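As the structure is a prediction and not an experimental result, all values here were calculated from the model. Below, chain A is the first sequence line, B the second, and so on; all start at residue 1.
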Number of protein chains: 2
Amino acid sequence: MKIEDEIKQVAFRDDYQKAHVNLIFTANWLQQQQSGFFKQFGLTLPQFNILRILRGQHPKPATVNLLIERMLDKTSNASRIVDKLETKELVTRCVCPSNRRAVDIRISDAGLELLGRLDAAMNDQQFGVQNLTSTEADQLSRLLDKIRD
Amino acid sequence: MKIEDEIKQVAFRDDYQKAHVNLIFTANWLQQQQSGFFKQFGLTLPQFNILRILRGQHPKPATVNLLIERMLDKTSNASRIVDKLETKELVTRCVCPSNRRAVDIRISDAGLELLGRLDAAMNDQQFGVQNLTSTEADQLSRLLDKIRD
DNA sequence: GATAATTAAATGTATGTACATATATTTGTC
DNA sequence: GACAAATATATGTACATACATTTAATTATC
């Protein structure tokens, strides 16, 4: 559906405004698609993203700083998202021996097992970007990179 | 900067995953650019969006339902965002005479005046999409529409 | 080596998101 | 006209975002 119809706005000032609104709207749309999927597994999107970063580090630990550096949303509060994951026993947290200011965070066996199940389910799940051809996906990335220049 | 460097990820599975991550990341980036701008005026992005919808209706009132219909984020809680705007006296709210379930919401003179100042400031402010050519902006909108098909 | 500056993480507060539930009003049906 | 269903909004709760402040540990400077 065209963006004008999605938000019932008759016209945009120009192609720039239209692209901008479309970008925000589509990203929200994709996030909602995904968060419904993750909910089945008792996770939120940011919780999943942090777990994935931790798996990438495993068996090495990550610090809160490293998580923030790699998160899509730099300003979110990694500390409290880790709290939730720790409550679910998907990660472990202990003071870093070499630098007692820092905290070593590791994904637990239960966390690895959950991500494994998510990987399997994700292959069955089609998210929106699949509607594009590979060339179009590449084209999209280039346009987005240019926006942030 | 390329998306790989932004989030310090070495490689993506394919162009689809890369485009997807890039889309979420760029939309967040744009939102942060804007929210910094709105903050100078004591508004948040959703508050601004609701005010703009109300100005579009002015002098006719809008109901909460109409606001939800036109908002980019359908699931957000329009009622409570209107609460904040009412506290700041930027909108008025009163029971609709013809349907006492509904609430008539109108932008106040102070609200109109604030939006006027924002319009002026916005013309001086360059947001990211301006980095694209008009053709590229159009191309981007088409790709985004295709994602949501 | 004491003290200031910096760094790493946690905490506090206001706002927003997501979704379920509650309350009040109107509409439809017998 | 009583009562069920639908509609419009508000409220409750858990989680996340945004940003300021606090606490603790380390590093730098005199």
Contacts under 3.5 Å, N or O only, protein and nucleotides 7-9 of chain D:
residue	atom	partner	partner atom	Å
D/dT7	O2	B/R101	NH1	3.2
D/dA8	OP2	B/N65	ND2	3.0
D/dT9	OP1	B/V64	N	3.2
D/dT9	OP1	B/V103	N	3.3
D/dT9	OP2	B/N65	N	2.8

message: For the backbone of B/S141 and the side chain of A/N22, can you confirm whether one donor and one acceptor N or O come within less than 3.5 Å of each other?
response: yes
statement: By salt bridge (Lys or Arg N to Asp or Glu O under 4.0 Å), B/D145 pairs with (sequence neighbours left out) B/R148
query: For B/L45, which contact category applies under a 4.0 Å heavy-atom criterion: base, sugar-phosphate, or nothing?
result: nothing
- line: Residue set satisfying side-chain contact (heavy atoms from CB on, under 4.5 Å) with B/E113, at least two apart, ordered chain then number -> B/R117
- line: Those residues at least two apart in sequence (or on a different chain) that pass side-chain contact (heavy atoms from CB on, under 4.5 Å) with B/R100 are B/V95
- prompt: Can you check the B/I81 CD1 to D/dA10 P distance for me, whole Å?
  reply: 12 Å
- request: Flag the pair B/D14 and B/K18 as a salt bridge only when some basic side-chain nitrogen lies within less than 4.0 angstrom of an acidic carboxylate oxygen.
  value: no
Give every pair of a protein N or O atom and an N or O atom of nucleotides 19-22 of chain C that lie under 3.5 Å apart, one pair per line with the distance.
none

field: A/A78 vs A/N28, nearer the 5' end of DNA chain C by closest nucleotide
entry: A/A78
side-chain contact (heavy atoms from CB on, under 4.5 Å) against B/E136, all qualifying residues, sequence neighbours excluded: A/L143, A/K146, B/L132, B/T133, B/Q139
side-chain hydrogen bond (donor to acceptor under 3.5 Å, both in side chains) pairs, two or more places apart, involving residues 54-63 of chain B: B/R55-B/D119, B/Q57-B/R70
field: Nearest to side-chain heavy atoms of A/R100, which nucleotide of D/dA16, C/dT17, D/dT26
entry: D/dT26
message: Between P on D/dT11 and CG on B/D83, what's the gap in Å once rounded to a whole number?
response: 7 Å
query: Does A/V82 or B/P46 map to a spot on DNA chain C nearer the 5' end, using the closest nucleotide for each?
result: A/V82
query: How many Å lie between CD1 on B/I24 and P on C/dT17, as a whole number?
result: 15 Å
field: Separation of C/dA9 P from A/I68 CD1 (nearest whole Å)
entry: 7 Å
- request: Can you sort out the partners of B/R106 under side-chain hydrogen bond (donor to acceptor under 3.5 Å, both in side chains), two or more places apart, ordered by chain and number?
  value: none
- prompt: Can you name the ring pair (Phe, Tyr, Trp, His ring centres under 6.0 Å) partners of A/Y16, sequence neighbours left out?
  reply: none
field: Close approaches to DNA chain D from residues 47-58 of chain B, in residue order (heavy atom, under 4.0 Å)
entry: none
Residues that A/T44 engages under side-chain hydrogen bond (donor to acceptor under 3.5 Å, both in side chains), provided they are two or more places apart: none
message: Test of understanding: with side-chain contact (heavy atoms from CB on, under 4.5 Å), list the residues that count as partners of A/E86, not counting sequence neighbours.
response: A/V91, A/R93
- prompt: When the distance from CD of B/Q33 to P of D/dA18 is rounded to whole Å, what number comes out?
  reply: 13 Å
